[in-house]
There are 2 protein chains.
Amino acid sequence: MPDTRWLDDEEQRAWRSYLTSCRLVFDRIERQLQQDAGLPHAYYEILVRLSEAPGHAMRMSKLATSAMSSRSRLSHAVARLEESGWVRRRPCPDDRRGAVAELTDEGLAHLEAIAPGHVETVRGAMFDVLSPEQLRALHDISDTLVANLADAPVWPASEDRYDDAE
Amino acid sequence: MPDTRWLDDEEQRAWRSYLTSCRLVFDRIERQLQQDAGLPHAYYEILVRLSEAPGHAMRMSKLATSAMSSRSRLSHAVARLEESGWVRRRPCPDDRRGAVAELTDEGLAHLEAIAPGHVETVRGAMFDVLSPEQLRALHDISDTLVANLADAPVWPASEDRYDDAE
DNA sequence: CTGCGGTCGAGGACATGTCAACCTCCGTGA
DNA sequence: TCACGGAGGTTGACATGTCCTCGACCGCAG
């Protein structure tokens, strides 16, 4: 490794501010969801994706990708959601290896009950705080990051990583 | 709860893009540190704070605050870092309840060994990707978020939350 | 000086996430 | 048709984080 390109003071401050802001935002989201809905944000995401899918059902691997989750994580998560009665698993008709996760009526009802509180929290943590220009800029920045990091050669530790699916 | 102020399409996209980008950035950071340094980013932060403190030592509670950690989390973390030999705990001279965490020589050496890789990853995940204007904007946005969410009425679940300390 | 509320830090129980097998099954090529 | 590489999904061991409780101790009010 040749000479390190250290961060200068300005970059240092920017990076730490970014770290702090993300932590503050996500802590809020996480905490509110945990308290009011009894589930972590990752699980909420899963319910949302299912609710948007045709038939409120989706193939496990596709669900993993769309919820930005590893397969293994999704498997554990769905197991838990199944215990809670919000999701049901059934075999995939096309592919006997596969499984399909399906939102139950209770799951949908629960999601509809908790969504308003979550949205309000998101507004309070972000949309009510930033100016319209800041929001536009942040959207642009986020898109740029996603575009540049998405396919990312991050040594997918095992293959067990978001594959590029769909 | 009165009528929910739902997110419109644009806001929805912005929020999801933000979520995705943060996940991509932090996954990289986390993965690189775990692989090359054998520790999660939160632990790295602790080592950094200690290395910047006078005498490479800091009171536990102050360290918790400065590393944006709960006391309990810090306690577990320092226990682990102590096992690895990178940090040492000693009683606080002023306050017999207290404890002081101190970076060991090995800890400092380890930190110095792994810092370049981390910095390079941060550059690759952020500074090399965004334009100077984007970076300025992101810094400004982060500061705004921190300023507005820091004291945050987030029902500190138990008192066990970053207190506003020092 | 004594009692009392509050702070400091530790630790246990539990939830979530990661990694690494491990099966089952698919699709292809010989 | 059958072997084989790879995909889909699950599972168990383990690491990390959260919540809650506890014991020790501080500092103040009486």
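So that the names make sense, note that chain A is the first sequence line, chain B the second, and so on, each numbered from 1. The shown structure was predicted, so the numbers you read here are calculated from the model rather than taken from an experiment.
What separates CE of Met60(A) from P of dC25(C) is a distance of 17 Å, to the nearest Å. Rounded to an integer number of Å, the gap from Leu74(A) CG to dG8(D) C1' is 12 Å. For the pair Arg80(A) CZ and dT16(C) C1', the computed distance is 9 Å after rounding to whole Å. Following rounding to the nearest Å, Ile46(A) (CD1) and dG17(C) (C1') show an atom-to-atom distance of 12 Å. Atom CD of Gln35(B) is separated from atom P of dC19(C) by 7 Å (rounded to the nearest Å). A straight line from CG of Asp95(A) to C1' of dA7(D) spans 8 Å, rounded to a whole angstrom. With rounding to whole Å, His41(B) atom NE2 is found 11 Å from dG17(D) atom P. We find that CE of Met68(A) is positioned 12 Å from P of dG17(C), with the value rounded to whole Å.
Regarding contacts with the backbone of dT16(C), every side-chain N or O of Tyr44(A) stays at 4.0 angstrom or more from both OP1 and OP2. OP1 or OP2 of dC8(C) has at least one side-chain nitrogen or oxygen of Arg71(B) nearer than 4.0 Å. Of the side-chain N and O atoms in Arg97(B), none sit less than 4.0 angstrom from OP1 or OP2 of dG6(C). Contact check, Arg31(B) against dC19(C): a side-chain N or O comes under 4.0 Å of OP1 or OP2. Checking the phosphate oxygens (OP1, OP2) of dT7(C), no side-chain nitrogen or oxygen of Ser61(B) falls inside 4.0 Å. For the pair Arg59(B) and dG9(C), the criterion of a side-chain N or O lying under 4.0 Å from OP1 or OP2 is met. Look at Arg96(B) and you'll find a side-chain N or O under 4.0 angstrom from OP1 or OP2 of dC26(D).
Listed nucleotides: dT18(C), dT10(D), dC25(C). Nearest to the side chain of Ser70(A): dT18(C). Nearest to the side chain of Arg73(B), among dA10(C), dT18(D), dT16(D), sits dT18(D).
One donor-acceptor pair, N or O on each side, does fall under 3.5 Å between the base of dC19(D) and the side chain of Ser72(B). A donor-acceptor contact under 3.5 Å links the side chain of His76(A) to the base of dT18(C).
Comment: Arg13(A) does not engage Asp143(B) in a salt bridge, judged by the lack of any side-chain N to carboxylate O separation of less than 4.0 angstrom. With respect to Arg28(B) and Glu120(B), no salt bridge is recorded, no charged nitrogen being found less than 4.0 Å from a carboxylate O. In this structure, Glu82(A) does not pair ionically with Arg88(A), as no charged nitrogen and carboxylate oxygen lie closer than 4.0 Å.
In this model, a donor atom of one side chain and an acceptor atom of the other lie less than 3.5 Å apart for Glu10(A) and His139(B). A donor-acceptor pair shorter than 3.5 Å cannot be found between the side chains of Gln35(B) and Arg31(B).
At a threshold of 4.0 angstrom between heavy atoms, the contacts of Ala42(B) are confined to the sugar-phosphate backbone, with no base atom among them.
Nearer to the 5' terminus of DNA chain C, by closest-nucleotide assignment, is the contact made by Pro40(A) (compared with the other of Asp94(A) and Pro40(A)). Of the residues near DNA chain D, Gln34(A) and Val78(A), the one whose nearest nucleotide (by heavy atom distance) lies more toward the 5' end is Val78(A).
Ring geometry for Trp86(B) against His110(B) counts as parallel: the plane angle stays under 30°, on a 0 to 90° scale with 60° as the upper cut.
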